[in-house]
Participant: 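I have a structure I would like to understand better, so I am pasting it below and will then ask my questions one at a time.
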Amino acid sequence: MNGKKESIEINIPSVTKSSKQPETGKKSAGQLMRMSCSYFKTWLWKVWEFCKEDGSRVKFSLKAGLAVLLVSLLILFQAPYEVFGINIIWSILTVAIMFEYTVGSTFNRGFNRALGSLLAGILAIGVAQLALCSGQVAEPIIIGISIFFVGTVTSFLKQWPSLVPYEYGFRVILFTYCLIIVSGYRMGNPIRTSMNRLYSIAIGGFVAVFVNVLVFPIWAGEKLHKELVNSFDSVADSLEECVGKFLKDDGSEHPEFSTTVMDEFPDEPAYKKCKATLNSSARLESLASSAKWEPPHGRFCHFFYPWSEYVKVGAVLRYCAYEVMALHGVLHSEIQAPYNLRVAFQSEIQDATNQAAELVRSLGKDISNMKRTLKTSLLKRVHSSAERLQRAIDMHSYLLTACSEPPDNSSKPLLKQLSHTLSLTPNEIPDQLADLDGDGLVKNLNQQSQNIESGTPLPAAAPAESYHEQMRKQSRRLHSWPSREVSAFEEEGPSNMDLLPRMKALETTAALSLATFTSLLIEFVARLDHLVDAVDQLSRLAKFKYVGL
């Protein structure tokens, strides 16, 4: 038995595990290698997409590296280093701080840097001379008080609303003054220290401007011009996209808003562009502020170009884009108008949308080509299409209310078709109702056709007292929105006909979604007048080429 036990005690599984451990280790190492390669490829793909989105980003990076290299050569080579000394480090610091994405931003930073350094140098020289004349005891006291005073004043002034654009200049004054006055106090020659700092800053500023202007320049004015034109196209595309989806029958009764994030609609690419237009206010103002510092260039070849008018046009365009976003809100709301009711006004809605989008694109095209054309004919067509839509809503407004019959037989074009439906035989009514299904009127016609076929008279309307009494009994069920179906009230009693007015009101609310959509579309058309005026003002001040009819 002992021999058997000893033979049994041989740990075969441990040998198997030990033999499998290297394979497991190799497998895990291979997995880590593949995961690392996958992450690296994903990172490279993101970098490629980022560079492909705006090629100027790569140009800016290369230019910044070139500018820093040119200044560093003054230290790397012995000859210029013997001339300028260690103070040339300030040139590298100046290039790193001044070099901005656009030419206008670089000029703006350069102006703040130069003016701040000049004021700080003059102030430092004056205070240092005063401190030297006061003796060794009073000298550090005067320097300390001056540093406190300069820091307090510059920190206060850069918060002043009208001086906010020069906030960087006040920062330059503060740290330049402190460095000059302290180093001059220790080195014993503040005037020479100040001059060394100033010419080193001048060298760095010259290199930064030289490289940014002459090597693949990125003009803020050009980017502002293109961004405004793209905003016009984004608003027009988003308008057509929203109306197209509103008039399209997707087969669903309610949108899945609860499972969809409002800001992420993958099937609506123009929606994100329109949203970006609404968020472009700060960017347009920043580009316009930088463009004011740029010299005449390219198509913008005259002085005092009205860059501020671009910001005004962008503000009016956002004023119109708000209506487009409101249309998207109606499109993705919980309460929707029936599809057949939307189709009843399809031609008028589509015509107004097409005319409005054409006018918006035409305005953007004029700005892009820097031409001035009259928009009277286009504006008249847009207004005519909006008026036709308004007349169609007014003439058929009974379809948007709980009333199932048009009030005037002579003024309602749909009455003839409805009267023909009522005159049909019971066997023909279902076929005719297929074209009119979708509102409270059709439900009444279905009820009437069933009564005609069975030979029973139509039920009389319930008294107002019983209706209110029933509503009080069911008030606890009607606190939520949308309310429950008619079948939910059957347990309280058989008198369901008293609740039909309530359910008909809910159907009217759903139909009013169409009225909301059309009113927003008409409001968008009304706001186009302000957009046309703003573009015309820009065309006149920017001296766009006039093109007659």
Side-chain angles (χ1 to χ4, degrees), residues 229-280 314 316-365 378 381-383 385-390 392-393 400 438 509-531:
V229 173
N230 293 335
S231 298
F232 276 86
D233 295 335
S234 298
V235 172
D237 294 341
S238 183
L239 176 64
E240 290 182 338
E241 179 183 72
C242 179
V243 174
K245 290 199 66 176
F246 183 78
L247 298 176
K248 181 181 178 181
D249 185 13
D250 56 358
S252 61
E253 297 180 357
H254 298 284
E256 296 182 358
F257 182 80
S258 58
T259 58
T260 305
V261 181
M262 185 63 185
D263 295 340
E264 298 178 1
F265 297 115
D267 56 340
E268 299 179 19
Y271 171 84
K272 295 182 179 180
K273 296 181 180 179
C274 186
K275 182 185 174 183
T277 300
L278 294 178
N279 299 329
S280 63
V316 179
L317 183 61
R318 288 193 302 274
Y319 181 68
C320 298
Y322 287 134
E323 294 299 320
V324 179
M325 298 300 288
L327 290 173
H328 277 279
V330 176
L331 175 63
H332 296 284
S333 62
E334 290 288 345
I335 303 174
Q336 292 289 328
Y339 170 70
N340 287 350
L341 187 58
R342 285 177 277 168
V343 167
F345 303 95
Q346 179 177 6
S347 59
E348 291 83 1
I349 294 176
Q350 193 66 55
D351 183 53
T353 302
N354 293 337
Q355 297 295 339
E358 181 183 358
L359 176 59
V360 173
R361 287 196 179 94
S362 179
L363 293 173
K365 185 177 180 181
L378 282 176
R381 289 205 300 267
V382 173
H383 288 170
S385 61
E387 290 175 0
R388 286 194 297 270
L389 175 59
Q390 183 65 61
I393 294 294
L400 306 178
T509 304
L512 287 178
S513 174
L514 174 64
T516 303
F517 191 88
T518 54
S519 64
L520 290 173
L521 181 58
I522 294 173
E523 175 65 20
F524 176 83
V525 172
R527 296 187 178 191
L528 291 181
D529 290 338
H530 303 284
L531 186 61

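Residue numbers count from 1 along this sequence.
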Participant: What are the two closest heavy atoms between V382 and A356, and how far apart are they?
Facilitator: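 Looking at all heavy atoms of both residues, the shortest contact is CG2-N, 3.9 Å.
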Participant: How would you list, by chain and number, every residue that makes a side-chain contact (heavy atoms from CB on, under 4.5 Å) with S385, sequence neighbours excluded?
Facilitator: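 So S385 forms a side-chain contact (heavy atoms from CB on, under 4.5 Å) with D351, A352, Q355, R388.
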Participant: Could you tell me if the side chain of V235 sits less than 4.5 Å from the side chain of T277, heavy atoms only?
Facilitator: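 Result yes, sub-4.5 Å side-chain heavy-atom pair found.
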Participant: In chain order, what residues pass the salt bridge (charged side-chain N to carboxylate O under 4.0 Å, His left out) check against R318, with sequence neighbours excluded?
Facilitator: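 Result, salt bridge (charged side-chain N to carboxylate O under 4.0 Å, His left out) vs R318: none returned.
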Participant: Which residues satisfy the side-chain contact (heavy atoms from CB on, under 4.5 Å) test with E348, sequence neighbours excluded?
Facilitator: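 With sequence neighbours excluded, E348 shows a side-chain contact (heavy atoms from CB on, under 4.5 Å) to F345, L389, A392, given in chain and number order.
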Participant: With sequence neighbours left out, what residues match S238 under side-chain hydrogen bond (donor to acceptor under 3.5 Å, both in side chains)?
Facilitator: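 S238 satisfies side-chain hydrogen bond (donor to acceptor under 3.5 Å, both in side chains) with H328 once adjacent residues are dropped.
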Participant: V330: what forms a side-chain contact (heavy atoms from CB on, under 4.5 Å) with it, not counting sequence neighbours?
Facilitator: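 side-chain contact (heavy atoms from CB on, under 4.5 Å) list for V330, sorted by chain: S513, T516, F517, L520.
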Participant: Taking only residues two or more places apart in sequence, or in another chain, which ones meet A386 in a side-chain contact (heavy atoms from CB on, under 4.5 Å)?
Facilitator: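 Expected list: V525.
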Participant: First locate atom CG of L359, then atom NE2 of H383, and finally report the distance between them rounded to the nearest 0.5 Å.
Facilitator: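 Answer for the CG-NE2 pair, L359 versus H383, is 8.5 Å.
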Participant: When rounded to the nearest 0.5 angstrom, what distance separates CZ in F232 from NZ in K365?
Facilitator: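 So the gap between those two atoms works out to 14.5 Å.
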Participant: Just verifying a value: how many Å separate C320 SG and E523 CD, rounded to the nearest 0.5 Å?
Facilitator: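 C320 atom SG to E523 atom CD measures 9.0 Å (nearest 0.5 Å).
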Participant: Side chain to side chain contact (heavy atoms under 4.5 Å, CB included) for T353 and F524? Distances and angles first, verdict last.
Facilitator: CA-CA 10 Å; T353 302; F524 176 83; over 6 Å; no
Participant: Taking atom CG of L363 and atom CG of L378, what is their separation to the nearest 0.5 Å?
Facilitator: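 Those atoms lie 8.0 Å apart.
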Participant: Checking side chain to side chain contact (heavy atoms under 4.5 Å, CB included) for the pair T518/I349: CA distance, chi angles, key distance, verdict?
Facilitator: CA-CA 7 Å; T518 54; I349 294 176; 3.9 Å; yes
Participant: What pairs with E358 under salt bridge (charged side-chain N to carboxylate O under 4.0 Å, His left out), at least two apart in sequence or on another chain?
Facilitator: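 Per chain and number, E358 pairs via salt bridge (charged side-chain N to carboxylate O under 4.0 Å, His left out) with R381.
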Participant: To the closest 0.5 Å, what do you measure between CE (M325) and SG (C242)?
Facilitator: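 With rounding to 0.5 Å, CE (M325) is 9.5 Å from SG (C242).
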Participant: If you take all heavy atoms of L521 and L327, which pair is closest and at what distance?
Facilitator: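 Heavy atoms only, the tightest pair is N-CD2, 4.0 Å.
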Participant: Who are the side-chain hydrogen bond (donor to acceptor under 3.5 Å, both in side chains) partners of Q350, not counting sequence neighbours?
Facilitator: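 With sequence neighbours excluded, Q350 shows a side-chain hydrogen bond (donor to acceptor under 3.5 Å, both in side chains) to N354, given in chain and number order.
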Participant: With a 4.5 Å cut-off on side-chain heavy atoms, are V343 and L247 touching?
Facilitator: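 No - every pair of side-chain heavy atoms lies 4.5 Å or more apart.
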Participant: For D237, which residues count as a side-chain hydrogen bond (donor to acceptor under 3.5 Å, both in side chains) partner, sequence neighbours excluded?
Facilitator: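 With neighbours one apart ignored, the set is R361.
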Participant: Roughly how far apart are S231 OG and L317 CG, rounded to 0.5 Å?
Facilitator: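 With rounding to 0.5 Å, OG (S231) is 6.0 Å from CG (L317).
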Participant: Can you name the residues that form a side-chain hydrogen bond (donor to acceptor under 3.5 Å, both in side chains) with H530, not counting sequence neighbours?
Facilitator: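 Partners of H530 by the side-chain hydrogen bond (donor to acceptor under 3.5 Å, both in side chains) criterion come out as none, since no residue qualifies.
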Participant: Over all heavy atoms of both residues, which pair between R342 and F246 is shortest? Give the atoms and the distance, please.
Facilitator: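 Here R342 and F246 meet closest at NH1-O, 2.7 Å.
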